[in-house]
Colleague: 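My questions will all concern the structure given below.
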Amino acid sequence: MSATSVSSDRVDHLWKGVRAGVPIFVASAPFAVLFGAMAVENGLTVAQAVLMSAAVYGGASQMVGIELFGQHVAPWLIVFSIFAVNFRHVLYSAAIGQHVPHWSPLRKAVAFFFLVDPVFAESERRVENGKRITIIWYAGMALPMYCSWILMTWIGAEFGSQVMPDAHAIGLDFLLSIYFLGLVMGFRKRPRWLPVVLVSAVVSVIAYRTIGSPWHVSIGALAGILLAAALPPRAALPLEAAAVEEATS
Amino acid sequence: MSVNLWIILLGGLATYLTRIGGHIVLSRFDSIHPRVQAGLEAVPAAVLTTLVAPAAMNGGPAEWSALLVAALVCLRAPMFIGFVAGAAVLIAMRHWLA
């Protein structure tokens, strides 16, 4: 293979990656703006909001984080909540890791930082089509999404409060709950989903009324997780299939 | 450094551990116990449900309608469409009920 065809291969992979990434960064942009606006409303500076998007880079967990910032809870509990919400990601690198044996450990360590839900879904789709996940394709797909996430956070943090004057009228205080419900619905094809959701909902409401926020999150979640582990195991989906289903739904 | 800064940086580190942890741990095992796997699979739905339930309980007709519409639309359409539909119902009903 000549040097020119190797480099045109690379350009081709990069371009295909960028194209695969366009829908996902467009779809995520409103959430980054929403996060930026909410973060400032909850007492973060613009710089802190942008730093959080760059360092954590996980929409739902960032929303949970700033929700707790606003309630003056113990710092370790906020970190733990971010960890808990992002825990699903352990499935992603476990699944993708099997498709990239040609990546060095360092390459994996860097690439998996960017392995958010839609990046995982696009990667699995590429494997499904019988193509290799090259690092150049992956970078072309994942990096624009990351840059857009940070930029849109800044826009939301800087201008959000001016664009959205009446938080209640435009539903800003409740949009997060709708967003989280949408995420919950996305997991509905998983085994034991309904019992887990029902038990977590009931236990968290009871804990919210008796013990108080934010303990209802850990207590309610633990109840659902223990229930899932205790129910008789069904013919479990292979790990990878379960994760793909979740990321693409 | 401010407490907020520490929370953000440690939250970023914790998130990074979840992103590489799965590969590091599971590449060392051929299989994981079915009950552990069942518990892991339940984590996101369980955690996110606990964030919705108390807020829904504290809401009124506008909030309940918004959640119902969002959930129904999510059955047929991508999650983002469901989110927009729920938000539209919320804003419209708050406007009319106000």
Side-chain angles (χ1 to χ4, degrees), chain A residues 27 44 48 51-52 55-56 58 61 64-65 75 78-79 82-94 97 108-109 112-113 115 169-171 174-175 177-187 190 192-193 196-197 200-201 204-205 208 216-217 220-221 224-225 228-229 233 236 242, chain B residues 3-27 32 34-57 59 63 66-67 70-71 74-75 78-80 82-83 86-87 90-91 94-95 98:
Chain A
L44 260 62
Q48 285 170 344
L51 178 68
M52 194 169 183
V56 177
S61 67
V64 173
I78 303 181
V79 174
I82 292 170
F83 179 78
V85 174
N86 282 330
F87 200 75
R88 68 184 186 282
H89 290 112
V90 299
L91 287 174
Y92 299 174
S93 66
K108 284 179 190 162
F112 289 162
F113 173 84
L115 195 56
I170 61 155
F174 200 71
L175 286 186
S177 299
I178 300 172
Y179 171 60
F180 291 141
L181 181 68
L183 290 174
V184 170
M185 295 301 291
F187 297 113
R190 291 190 158 198
R192 310 169 200 87
W193 177 80
V196 166
V197 166
S200 297
S204 69
V205 166
Y208 183 83
H216 67 281
V217 175
I225 292 161
Chain B
V3 176
N4 281 3
L5 212 51
W6 278 110
I7 293 172
I8 290 166
L9 293 177
L10 289 177
L13 181 66
T15 301
Y16 181 62
L17 291 178
T18 68
R19 296 222 172 103
I20 56 162
H23 178 62
I24 289 176
V25 173
L26 290 183
S27 62
I32 55 173
R35 289 199 187 280
V36 175
Q37 189 174 332
L40 286 179
E41 280 174 3
V43 167
V47 173
L48 294 166
T49 298
T50 67
L51 298 169
V52 181
M57 185 188 71
E63 288 77 14
L67 290 178
C74 280
L75 290 175
M79 178 265 183
F80 188 71
F83 170 77
L90 178 73
I91 294 166
R94 280 186 175 178
H95 185 71

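Within every chain, numbering begins at 1; the chains are lettered A, B, ... in the order of the sequence lines, protein sequences first and strands thereafter.
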Colleague: Identify which of B/A38, B/G12, B/A53, B/P54 forms the greatest number of heavy-atom pairs closer than 4.5 Å to chain A.
Modeller: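 Heavy-atom pairs under 4.5 Å are most numerous for B/P54.
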
Colleague: If we check side chain to side chain contact (heavy atoms under 4.5 Å, CB included) with A/I82, which of these qualifies: B/I8, B/T18, B/T15?
Modeller: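 With A/I82 as partner, B/I8, B/T18, B/T15 yield a single side chain to side chain contact (heavy atoms under 4.5 Å, CB included), made by B/T15.
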
Colleague: Could you tell me which non-hydrogen atom of B/I20 sits nearest to which non-hydrogen atom of A/A109, and how far apart they are?
Modeller: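 Taking B/I20 first and A/A109 second, the nearest heavy atoms are CG2-O, 4.2 Å.
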
Colleague: Is B/I24 in contact with chain A via its backbone, its side chain, both, or neither, using a 4.5 Å heavy-atom distance?
Modeller: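 Looking at B/I24, nothing touches chain A.
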
Colleague: Would you mind checking which part of B/F83 comes under 4.5 Å of any heavy atom in chain A, side chain (CB onward), backbone (N, CA, C, O), both or neither?
Modeller: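 Both the backbone and the side chain of B/F83 come within 4.5 Å of chain A.
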
Colleague: Do any N or O atoms from the side chain of B/R19 and from the backbone of A/F113 form a donor-acceptor pair under 3.5 angstrom?
Modeller: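 Checked: pair present.
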
Colleague: For B/L90 and A/I178, run side-chain contact (heavy atoms from CB on, under 4.5 Å): C-alpha distance rounded to whole Å, both residues' side-chain angles, the deciding distance at 0.1 Å, then the answer.
Modeller: CA-CA 9 Å; B/L90 178 73; A/I178 300 172; 4.2 Å; yes

Colleague: Go through the steps for A/V79 and B/L13 under the test side-chain contact (heavy atoms from CB on, under 4.5 Å), then give the verdict.
Modeller: CA-CA 9 Å; A/V79 174; B/L13 181 66; over 6 Å; no

Colleague: Quick one: which of B/L75, B/L17, B/L10 has the most heavy-atom pairs under 4.5 Å with chain A, could you say?
Modeller: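 It is B/L75.
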
Colleague: Can you tell me which of B/A70, B/C74, B/G21 forms the most heavy-atom pairs within a distance under 4.5 Å of chain A?
Modeller: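 Counting heavy-atom pairs under 4.5 Å, the top option is B/C74.
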
Colleague: Please give me the minimum heavy-atom distance between B/A46 and A/V196, naming the atom from each residue.
Modeller: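 Answer, listing the atom of B/A46 first, then A/V196: CB-CG1, 3.9 Å.
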
Colleague: Using a cut-off of under 4.5 Å on heavy-atom pairs, state which of B/A56, B/A71, B/G59, B/G82 scores highest against chain A.
Modeller: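 Of B/A56, B/A71, B/G59, B/G82, B/A71 has the most heavy-atom pairs under 4.5 Å with chain A.
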
Colleague: Could you give the distance from CG (B/L9) to CE (A/M52), rounded to the nearest 0.5 Å?
Modeller: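 Separation between the atoms: 10.5 Å.
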
